[in-house]
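What you see is a predicted model, and the numbers here were worked out from it, not measured in a lab. Whatever order the structure lists ligands and atoms in, that order sets their numbers, starting from 1.
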Amino acid sequence: MTDKPFESLPRHVAVIMDGNGRWAKKRGLPRSEGHIEGAKTFRRIGEYAGNLGIRHLTFYAFSTENWSRPEAEVKAIMSLFGDYLDEALRRLDEDKEKGIRLRFLGDKSRIDPALVSLMDTVEEATREMTKVNLNIAVNYGGRQEILQAAQSIARDVKSGALSPEEITEQTIEERLYTAGQPPVDLLIRPSGEQRLSNFLLWQCAYAEFWYSDVLWPDFTEADLDRALGAYAARSRRFGGL
Ligand code: FPP
């Protein structure tokens, strides 16, 4: 783990928590055990990144495509969210002290209403926190996010509240789940896969990508240090020279 600050720290780090299933398979365990370990890694890395001073963190926990997994696996993942939310509610005072704001990105309409109600309570209770913005993407899809922004704009144009000429990038951004947050600077994907998988399509327009073969449950603070070191050494030109 690092003992010196990084020269340039990303403002927004996004993580695709991949490899839980393979981690479990390697050990002859059910896939749900991989997700249990993955959820522990999420807590550990989230805490470490926040302590390093990263202000915005987004973890991909469940995609719009993940519903096609076996029912037992979906249930296991949803139950991990429930545990985490119960814990977040118990820990509210501590999180307030740390200044952690929790937000859920995604379409909540398909999620169990009891879970949604917990999500809403935690989001509401941490709304004023400003030190760390911790996003968890649940039933999230990048195309779906852009689609619902387009529908919202179309409704405003239809009602006369907006004219087509007035539509700017900001008009779209303020309708995304990440409204008000900076774009992703660094995207981390462990487990040897090198694709975006419909994650934060708009927000990753200029993100630096960092991949690793480590499976998510095995991901350590030292791995995050490596990603941040690589990020600090990159030259970001945003299309310029
Ligand atoms: C991808 O690995 C992982 C998921 C679809 C689920 C991720 C969920 C968690 C880590 C639990 C999160 C919990 C909280 C509290 C946020 P995979 O199963 O696709 O792995 P594989 O590619 O090896 O099969």
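- Below 3.5 Å of separation, one finds an N or O of D18 facing an N or O of ligand 1.
- Residue contacts with ligand 1 for D83 are absent, since no atom lies close enough (heavy atoms, distance under 4.0 Å).
- Between the side chains of T178 and Q203, at least one donor N or O sits under 3.5 Å from an acceptor N or O.
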Check against side-chain contact (heavy atoms from CB on, under 4.5 Å), R22 and S191
CA-CA 9 Å; R22 276 164 285 165; S191 95; 2.9 Å; yes
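- For ligand 1, the atoms lying closer than 4.0 Å to a non-hydrogen atom of A39 are 10 (C), 13 (C).
- Aromatic ring pairs are classed by plane angle as parallel below 30°, tilted from 30° to 60° and perpendicular above 60°; the pair F238 and Y206 is tilted.
- When only non-hydrogen protein atoms are considered, atom 5 (C) of ligand 1 lies nearest to N66 OD1, 3.5 Å.
- The distance criterion of under 3.5 Å between nitrogen or oxygen atoms is not met by Y60 with respect to ligand 1.
- No more than 12 heavy atoms of other residues, nucleotides or ligands sit less than 6.0 Å from atom CD of E97.
- Nearest to atom 22 (O) of ligand 1 among the protein's heavy atoms is R22 NH2, 3.0 Å.
- Taking distance alone, with nitrogen or oxygen atoms compared against 3.5 Å, R69 approaches ligand 1 more closely than that limit.
- What sits closest to atom 10 (C) of ligand 1 on the protein, heavy atoms only, is N20 ND2, 3.3 Å.
- One N or O on the side chain of R55 and one on the backbone of T130 form a donor-acceptor pair closer than 3.5 Å.
- In the vicinity of G21, heavy-atom distances shorter than 4.0 Å reach the ligand 1 atoms 17 (P), 18 (O), 20 (O), 21 (P), 23 (O), 24 (O).
- Through side-chain heavy atoms spaced under 4.5 Å, either directly or across other Ile, Leu, Val, Met, Phe, Trp or Tyr residues, M129 is tied to no other residue.
- Taking the six-membered ring for Trp, Y84 and F42 have ring centres closer than 6.0 Å.
- The shortest N or O to N or O distance between I77 and ligand 1 is not under 3.5 Å.
- Taking atom 15 (C) of ligand 1 as the reference point, the nearest protein heavy-atom neighbour is Y84 CB, 3.5 Å.
- Closest non-hydrogen pair, C204 versus L196, comes out as SG-CD1, 4.2 Å.
- Among protein heavy atoms, atom 4 (C) of ligand 1 sits closest to H35 CE1, 3.8 Å.
- Looking at ligand 1, you'll find an N or O of R31 within less than 3.5 Å of one of its N or O atoms.
- Remark: E47 does not engage R43 in a salt bridge, criterion side-chain N to carboxylate O under 4.0 Å.
- A 6.0 Å sphere centred on CZ of R91 holds more than 12 heavy atoms belonging to other residues, nucleotides or ligands.
- Nearest protein heavy-atom neighbour of atom 6 (C) of ligand 1: A61 O, 3.3 Å.
- Taking atom 3 (C) of ligand 1 as the reference point, the nearest protein heavy-atom neighbour is M17 O, 3.1 Å.
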